[in-house]
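Below is one structure, written out as structure tokens; the observations come after it.
In listed order, ligands and their atoms are each counted from 1. Residue numbers start at 1 and run along the sequence shown.
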Amino acid sequence: MTSPENHFEIPPNIAGVLGHFRTSGSLTRARRFGSGHIHTTWLIESAGSGKSAGSDESDGYILQQFNNSVFPLTAATMENIRLVTGHLRLKWGEGSGFVVPQLIETTSGGLFHTDAEGNPWRMYRRILPGISYDVVPDAPLAHEAGRIFGKFIADLSDLPPEQLTVVIPGFHSAELRYRQLQKAIRNDTARRRSEVAAEISFAELNSDVMMELPRRQASGEIPVRVTHNDTKLNNVLFDEHNRAVSVIDLDTVMPGLSLYDFGDLVRTAASTGDEDEADLNRIGFSRSLYDAIREGFLDQAGHLLTPAEIALLPLSGRYMTWIMGIRFLADYLNGDVYYQTHYPGQNLRRCRAQFRLMETMSM
Ligand code: ADP
Ligand code: GN1
Ligand code: MG
């Protein structure tokens with residue numbers, strides 16, 4: 001289970017930022033939260049921010065310093081989220097058992113606040129209990145995760161993809177990611193190339209097979225849909241009975257392929273190890289977890305998917321695992337400039353774990 005309470009600290013600028021949002025109740029505490037690799041996330045605890053007026057329930061908020069190096073189209077990214085959450089809210093209402101992340105407006109009615117240094121901030125209502133997992137504990141939980149991401153695609157299938165801005169072009173393009181890796185190898189900015197000869201070979205060896213998916217997309221066999229595009233397991237929130245109740249981290253929701261969503265969930269929820277597991281013997285693909293994810297996903301989205309999409313589900317797990325492996329490798333070569341890292345060599349460990357997982361995959 002993800003331990004959200006990383007460490008306690010209140011930077012001086014947080015209080016100032018909070019004043020720009022329409023919060024209720026008194027805000028009592030701020031602490032770093034979650035295990036995302038992109039934004040800097042704070043849990044803001046409050047007394048009396050419960051939904052009913054006068055309630056002294058303490059449910060709090062999630063405040064994020066938004067990473068606008070990764071998402072330079074900040075306003076368009078937030079607008080995509082507004083559109084998607086508005087659409088989902090029509091279907092995931094009270095009593096549905098599902099919770100749509102709710103943005104908190106700024107005092108001027110905007111979706112984000114820009115501080116004096118030019119950093120964007122945004123805020124959500126905290127979803128409780130909001131349990132997330134980095135590694136899947138059992139098959140029923142993998143099934144739940146498959147179901148909610150299948151439901152996500154199905155419930156957004158009547159939102160035309162062209163209404164969303166492509167906020168990161170080529171986000172899951174094998175061609176683009178491979179070119180970026182080759183550039184990182186050529187530049188060797190951090191002078192680490194000689195350390196990673198084996199990983200570079202592995203990436204190259206698998207590149208041809210991976211181009212199958214873009215080829216099939218280019219031939220028009222796979223439809224473009226509104227997809228989440230960052231469906232790792234810890235972007236699902238569970239309740240205390242391990243029911244999947246919400247999908248978070250909506251920044252990358254844009255036109256994409258169902259196979260990206262299925263594949264990234266397979267990468268993170270059919271693996272027996274952590275994304276950065278150092279002991280490669282602890283990493284393995286679990287066929288029973290894969291089957292559970294597939295069953296849950298198809299239970300909700302099966303009626304939508306074309307025969308080509310269904311036939312490519314097994315490849316999608318390898319595809320997304322390869323994509324993430326080469327992205328971690330490129331970031332390692334570039335000197336760890338994209339993903340947040342918590343110790344030296346973490347990106348290399350992440351890359352090795354992805355490649356090990358690929359070697360153990362049999363679907
Ligand atoms: P990143 O893009 O950095 O991964 P996320 O949006 O996924 O950022 O948020 C990081 C973590 O914060 C999540 O993994 C989750 O634990 C927590 N979190 C985010 N939004 C909420 C929310 N609305 N309610 C409860 N927890 C949340
Ligand atoms: C990032 O935001 P987070 O930590 O959920 C990344 C994903 C990767 C993931 C790997 C915008 O996701 O694409 O799959 O790390 N998000 C972005 O753990 O690059
Ligand atoms: Mg996340």
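For the residue pair His228 and Asp261, the shortest heavy atom distance occurs at N-OD2, 2.8 Å. Across all non-hydrogen atoms, the minimal contact from Asn67 to Ile38 is ND2-O, 3.1 Å.
One finds the CD atom of Gln64 at 9.0 Å from the OG1 atom of Thr40 (value rounded to the nearest 0.5 Å). Here OG of Ser316 is found 12.0 Å from CD1 of Ile310. Values are rounded to the nearest 0.5 Å.
Distance alone, capped at 3.5 Å, places no donor-acceptor pair between the Arg282 side chain and the Thr272 backbone. For Thr114 (side chain) and Gly118 (main-chain N/O), no donor-acceptor pair under 3.5 Å exists by modelled atom type. A donor-acceptor pair under 3.5 Å is absent between the side-chain atoms of Asn235 and the main chain of Ile248, judged by distance alone.
The side chain of Thr41, and not its backbone, has at least one atom closer than 4.0 Å to an atom of ligand 1 (non-hydrogen atoms only; side chain from C-beta on). Neither the backbone nor the side chain of Leu43 comes within 4.0 Å of ligand 1, counting heavy atoms alone. Residue contacts with ligand 1, taken as heavy atom pairs separated by less than 4.0 Å, involve Asn235 solely via side-chain atoms from C-beta onward.
With respect to the salt-bridge test (charged N to carboxylate O, under 4.0 angstrom), the residues Arg267 and Glu275 qualify.
Between Gln346 and the choices Asp336, Thr341, Asp276, the side-chain hydrogen bond (donor to acceptor under 3.5 Å, both in side chains) rule is met once, by Asp276. Each of Glu199, Glu195, Arg350 was checked for a side-chain hydrogen bond (donor to acceptor under 3.5 Å, both in side chains) with Tyr332, and the lone residue meeting it is Glu195. The only member of Trp121, Phe66, Phe33, Tyr124 that meets ring pair (Phe, Tyr, Trp, His ring centres under 6.0 Å) when paired with His39 is Phe66.
Remark: ligand 1 atoms within the under-4.0 Å shell around heavy atoms of Asn234 are 14 (O). Taking a cut-off of under 4.0 Å to the non-hydrogen atoms of Phe33, the atoms of ligand 1 that pass are 12 (O), 17 (C), 26 (N).
Taking a 6.0 Å sphere around NZ of Lys91, one finds it holds more than 12 heavy atoms contributed by other residues, nucleotides or ligands.
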I'd like to know whether Arg349 forms a salt bridge (Lys or Arg N to Asp or Glu O under 4.0 Å) with Glu277, so could you lay out the CA-CA distance, the side-chain angles of the two residues, the decisive distance to 0.1 Å, and finally the verdict. CA-CA 7 Å; Arg349 272 209 206 166; Glu277 175 59 60; over 6 Å; no

Please report the C-alpha distance between Tyr133 and Phe238 in whole Å, then the side-chain angles of each, then the deciding distance to 0.1 Å, and finally whether the ring pair (Phe, Tyr, Trp, His ring centres under 6.0 Å) criterion is met. CA-CA 9 Å; Tyr133 294 86; Phe238 294 86; 5.5 Å; yes

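At least one heavy atom of Gly36 sits closer than 4.0 Å to an atom of ligand 1.
When only interatomic distances are considered, the shortest N/O to N/O separation between Arg125 and ligand 1 falls below 3.5 Å. For Ile38, a nitrogen or oxygen atom sits less than 3.5 Å from a nitrogen or oxygen atom of ligand 1, counting backbone and side chain alike. In terms of polar-atom proximity, defined here as any N/O pair under 3.5 Å, Asp249 does make such a contact with ligand 1. Some N or O of Ile127 is nearer than 3.5 Å to an N or O of ligand 1, by distance alone. Considering backbone and side-chain atoms alike, Arg122 places every N or O at 3.5 Å or more from each N or O of ligand 1.
Taking the six-membered ring for Trp and the full ring otherwise, Phe297 and Phe149 have centroids separated by 6.0 Å or more.
Nearby protein atoms of type N, O or S around the Mg ion (ligand 3) amount to 2 (distance under 2.8 Å).
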Every pair of nitrogen or oxygen atoms between ligand 2 and the protein that is under 3.5 angstrom apart - can you list them with their distances to 0.1 Å?
from	atom 1	to	atom 2	distance (Å)
ligand 2	2 (O)	Asp230	OD2	3.4
ligand 2	2 (O)	Asp249	OD2	3.2
ligand 2	4 (O)	His37	N	2.8
ligand 2	4 (O)	Lys232	NZ	2.9
ligand 2	5 (O)	Asp230	OD2	2.9
ligand 2	5 (O)	Asn235	ND2	3.1
ligand 2	5 (O)	Asp249	OD2	2.8
ligand 2	12 (O)	Asp230	OD1	3.4
ligand 2	12 (O)	Asp230	OD2	3.0
ligand 2	13 (O)	Arg327	NH1	2.9
ligand 2	18 (O)	His37	NE2	3.2
ligand 2	18 (O)	Lys232	NZ	2.7
ligand 2	18 (O)	Glu275	OE1	3.1
ligand 2	18 (O)	Glu275	OE2	2.5
ligand 2	19 (O)	Arg327	NH2	2.8
ligand 2	19 (O)	Tyr338	OH	2.4

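The option with the heavy atom closest to atom 9 (O) of ligand 1, from among His37, Arg126, Gln64, Gln102, is Gln64.
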